[in-house]
Amino acid sequence: MKDLNFIDTGKFLKADKNYEEADIIIVGIPMDYSVSFKPGTRFGPSSIRQASYGLETYSVYLKRRLEDKKMCDMGDLVLPYGNVQKSLELIEKTADKIIKDGKKGIFLGGEHLITYGILKSYLKKYRENLVILHFDAHTDLREEFFGEIYSHATVLRKVWELNPKVRMYHFGIRSGEEDEFEFAKNHTKMFLYEVVEPLKSILEDIKEDYIYITFDIDVLDPAFAPGTGTPEPGGITSKEALETFHLLKDFKIVGMDIVEVSPSHDVSGITSMLAAKLLREAILSFF
Ligand code: MN
Ligand code: MN
């Protein structure tokens, strides 16, 4: 990755292979400058890495262990802080490289806007053959937010605009503006409040597809994930979140992100710990 630079902020549990030998690539994207309420998600990736050392490498749920995976943690992508456009370009380039080399990408946010740069890249390769599973408390389908076109509140709308034929599913949504729900009615498939049952209902439809998962930690109730910039009461439990990843066992997931973890708003590090455990289960379930 010649023109891309990374800072080492530790490595996710057992992600100790080099880039060439790994088939799963973890990248931290410490971007948090379009966040609308409480900033701080730039420290999400390093905090998730640190929390991962409190986990076992073995998953009793899946009877699989991280030692059997070839993972490389690149560290955090160096970004020109404050420059949204340039940052999105660098994120896209990073994903381009990972896809071109036939590897699977795991992107740790950072704010949700990073997903635009990532999916711009994935949609170049997979076009309308990609299914996007979006887990979030918020619709993120605004046309603009305080005059900004690129924001964590517009990200899925901007992704949809890249290819309106893409199949997009939203889960656990409980906050948004009226016209965003109207938009979803016409163009995507949105499930309110719940995650597990709706996901079960579409598994048959997506089991042959290439899938990208974008997981906003605020889909969980703030009781389970207080460490996030825009907490929204009424969310799912950590047990349901784990079940979500277990339901997708051996599905064709080509990439994923976990975004909006904000350690400075966390309590006892429980949100970072949750994100780390979710990531372990995701890796063992479908990567
Ligand atoms: Mn979001
Ligand atoms: Mn959200």
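Order of listing sets the numbers, starting from 1, for every ligand and every atom in it. We use all heavy atoms of the structure for the numbers below, so side chains are in, but hydrogens, waters and symmetry mates are not.
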Is it the case that the side chains of T154 and E148 hold a donor-acceptor pair, with the cut-off being a distance below 3.5 Å and no angle test?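 No, no side-chain donor-acceptor pair sits under 3.5 Å.
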Assess, by modelled atom type and distance only, whether the side chains of Y212 and D257 contain a donor and an acceptor separated by less than 3.5 Å.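 D257 and Y212 do have a side-chain donor-acceptor pair below 3.5 Å.
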Would you call the rings of Y122 and F107 parallel, tilted or perpendicular, taking 30° and 60° as the class edges?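 The arrangement is perpendicular - the two ring planes meet at more than 60°.
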Among residues at least two apart in sequence or on other chains, which ones pass side chain to side chain donor-acceptor pair (under 3.5 Å) with E240?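 E240 satisfies side chain to side chain donor-acceptor pair (under 3.5 Å) with T237 once adjacent residues are dropped.
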Please test D209 against R167 for salt bridge (charged side-chain N to carboxylate O under 4.0 Å, His left out), starting from the C-alpha separation and ending with a verdict. CA-CA 10 Å; D209 294 302; R167 277 185 291 154; 2.9 Å; yes
Proximal protein heteroatoms (N, O or S) of the Mn ion (ligand 2), under 2.8 Å: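 Per the 2.8 Å query on the Mn ion (ligand 2), atoms found are D136 OD1, H138 ND1, D216 OD2, D218 OD1, D218 OD2.
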Criterion side chain to side chain donor-acceptor pair (under 3.5 Å) against E260, the qualifying member of H138, H112, H152: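 Among H138, H112, H152, the one that satisfies the side chain to side chain donor-acceptor pair (under 3.5 Å) with E260 is H152.
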